[in-house]
Amino acid sequence: MSKEKEKCALCFKKEDYHGVWVFAEQHNGTISEVVYELLGVGRRLADQLKEKLGAVLIGFNIKKQAQRLIQYGADDVYVVDIEDAARFLEEDYAEVIVKLVEEYKPAVFLFGATALGKSLAPRVASRLQTGLTADCTSLEVDPEEKVLIQTKPAFGSDVMVSIVCRNKRPQMATVRPGVMKKVEMCAARRGNIIENNHIPPLKLRSQVLNFSRKQTEVQLEQAEVVVAVGRGLGKVENLKLIKELAGALGAAIGATRAVVDAGWISYQHQIGQTGKTVAPKIYIACGISGAIQHLVGMQSSEVIIAINKDPEAPIFDYATYGIVGDLMEVVPLLIKRIKTIKNLS
Ligand SMILES: Cc1cc2nc3c(=O)[nH]c(=O)nc-3n(C[C@H](O)[C@H](O)[C@H](O)COP(=O)(O)OP(=O)(O)OC[C@H]3O[C@@H](n4cnc5c(N)ncnc54)[C@H](O)[C@@H]3O)c2cc1C
């Protein structure tokens, strides 16, 4: 251990760390949806701990977003608004975050389990020599011991494990998008905006020359209605029926890994442990058995409608409405009915 780290270990006192922080991921000045979900769970945890909820906002020309974070539940927003941070570079963002943590000492620090969050959080955790639980699906606290209980699927999702980080601070976790509920926005909420103008210039070891988003028709995570398809589809040619149903409902198309592995649809559509997490208002599962690895990606949906020819299929244990039947017969009937209703209105 280096002299500096030894000194750090000796002066570390976990009692010095207070409050819950969330990382306010933003892209081109727009706060990511997952941040509002983190603020939702963060607010609950902070209230249980009787401590404050902070949000860390880093970027350039982003200060105006701080008030929005307060309206969604933050008490304090730590802003680093500098030109060097205009583009996300994990090494530089990690450096800024480490400085903020060393200065303000949060007890809990949450990131979205997004591509950005998954690359940033481990760097921060390793620099701070603390623990990080990736991909949490549930978070609780023990208010007596002030310990964060971080739950996630493990061992191929056959079991859920709860992990605690007793001796190091902050207790860090990434949280799956679409799992936690957002809080309601309250325009009248007041909080503190703490500007951190003293952060020294960043090293900027790399330079982003251009950034372009890949065009995709699938907006699964944002969709209010998802029509998802499983191996029960039988063959790729039958996918046109699912597309027709999705088109009639204005829905996005999801799929199980079985369907992706069969090459019937691209990985972008996969929902579940190794795919995306969704929580739409309506989720229609067509020919899906309900394996735990699929369920972890969609079980927070408000209404689940399952179509399966096997009345014993596990998906029915999670379904709000179940239709036992051949999807090749049921889906055309649904399309016909939806079209009739649309024509009437
Ligand atoms: C480490 C790991 C990670 C994984 N990650 C994921 C993941 O991210 N997402 C995921 O989905 N899976 C994942 N899996 C795979 C998962 O375990 C299941 O194998 C998969 O979800 C099953 O897909 P399915 O429901 O389409 O197929 P099946 O389990 O084969 O189910 C097909 C269902 O269709 C029904 N059916 C058949 N014909 C019809 C018909 N004509 N009409 C109506 N119903 C019909 C059957 O009764 C059956 O219930 C993972 C597995 C592992 C080990």
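In listed order, ligands and their atoms are each counted from 1. For reference, positions follow the sequence shown, starting with 1.
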Colleague: Please work out which of Met298, Arg257, Arg231 has its closest non-hydrogen atom nearest to atom 52 (C) of ligand 1.
Modeller: Arg257
Colleague: State whether Lys281 and Glu302 are salt-bridged, where the test is any N-O pair (Lys NZ or Arg NE/NH1/NH2 against Asp/Glu carboxylate O) under 4.0 Å.
Modeller: no
Colleague: Classify the ring geometry of Tyr78 against Trp21: parallel below 30°, tilted from 30° to 60°, perpendicular beyond 60°.
Modeller: tilted
Colleague: For ligand 1, which atoms sit closer than 4.0 Å to a heavy atom of Ile271?
Modeller: 7 (C), 8 (O), 9 (N), 10 (C), 11 (O)
Colleague: When the ring planes of Phe23 and Tyr93 are compared, do they come out parallel, tilted or perpendicular, using 30° and 60° as the limits?
Modeller: perpendicular
Colleague: Is the backbone of Leu139 close enough, under 3.5 Å, to the side chain of Arg44 for a donor and an acceptor to pair up by distance?
Modeller: yes
Colleague: Taking 4.0 angstrom as the limit and counting only heavy atoms of Asp310, give me the atoms of ligand 1 inside it, by number and element.
Modeller: 47 (O)
Colleague: With a 4.0 Å cut-off on heavy atoms, is Pro314 in contact with ligand 1?
Modeller: no
Colleague: Check for me whether Val259 has a heavy atom closer than 4.0 Å to any atom of ligand 1.
Modeller: no
Colleague: Which pairs pass salt bridge (Lys or Arg N to Asp or Glu O under 4.0 Å) with one or both residues in residues 247-269, sequence neighbours excluded?
Modeller: Arg257-Asp261
Colleague: Could you list the atoms of ligand 1 found under 4.0 angstrom from a heavy atom of Gly272?
Modeller: 7 (C), 8 (O), 9 (N)
Colleague: Could you tell me whether Asp81 and Lys63 have a side-chain N and a carboxylate O separated by less than 4.0 Å?
Modeller: no
Colleague: Please could you name the atoms of ligand 1 that Gly275 approaches to less than 4.0 Å, counting only its heavy atoms?
Modeller: 8 (O)
Colleague: For ligand 1, which atoms have a heavy atom of Gly230 less than 4.0 angstrom away?
Modeller: 26 (O)
Colleague: Taking Lys240 first and then Glu244, would you say they form a salt bridge - that is, a charged N and a carboxylate O separated by under 4.0 Å?
Modeller: no
Colleague: Please name the pair of heavy atoms, one in Pro177 and one in Ala113, separated by the smallest distance, quoted to 0.1 Å.
Modeller: CD-O, 3.8 Å
Colleague: Applying salt bridge (Lys or Arg N to Asp or Glu O under 4.0 Å), run through Lys105 and Asp16 and close with a yes or a no.
Modeller: CA-CA 7 Å; Lys105 298 187 170 34; Asp16 292 343; 5.9 Å; no
Colleague: What part of Ala291, side chain, backbone, both or neither, has a heavy atom within less than 4.0 angstrom of ligand 1?
Modeller: side chain
Colleague: Distance under 4.0 Å to a non-hydrogen atom of Gly325: what atoms of ligand 1 satisfy this?
Modeller: 42 (N), 43 (C)
Colleague: Taking a cutoff of less than 4.0 Å between a non-hydrogen atom of the residue and any ligand atom, is Gln270 in contact with ligand 1?
Modeller: yes
Colleague: State whether the shortest distance between N or O atoms of Gly290 and N or O atoms of ligand 1 falls below 3.5 angstrom.
Modeller: no
Colleague: State the atoms of ligand 1, each with its element, that fall below the 4.0 Å cut-off from a heavy-atom position in Asp326.
Modeller: 40 (C), 41 (N), 42 (N)
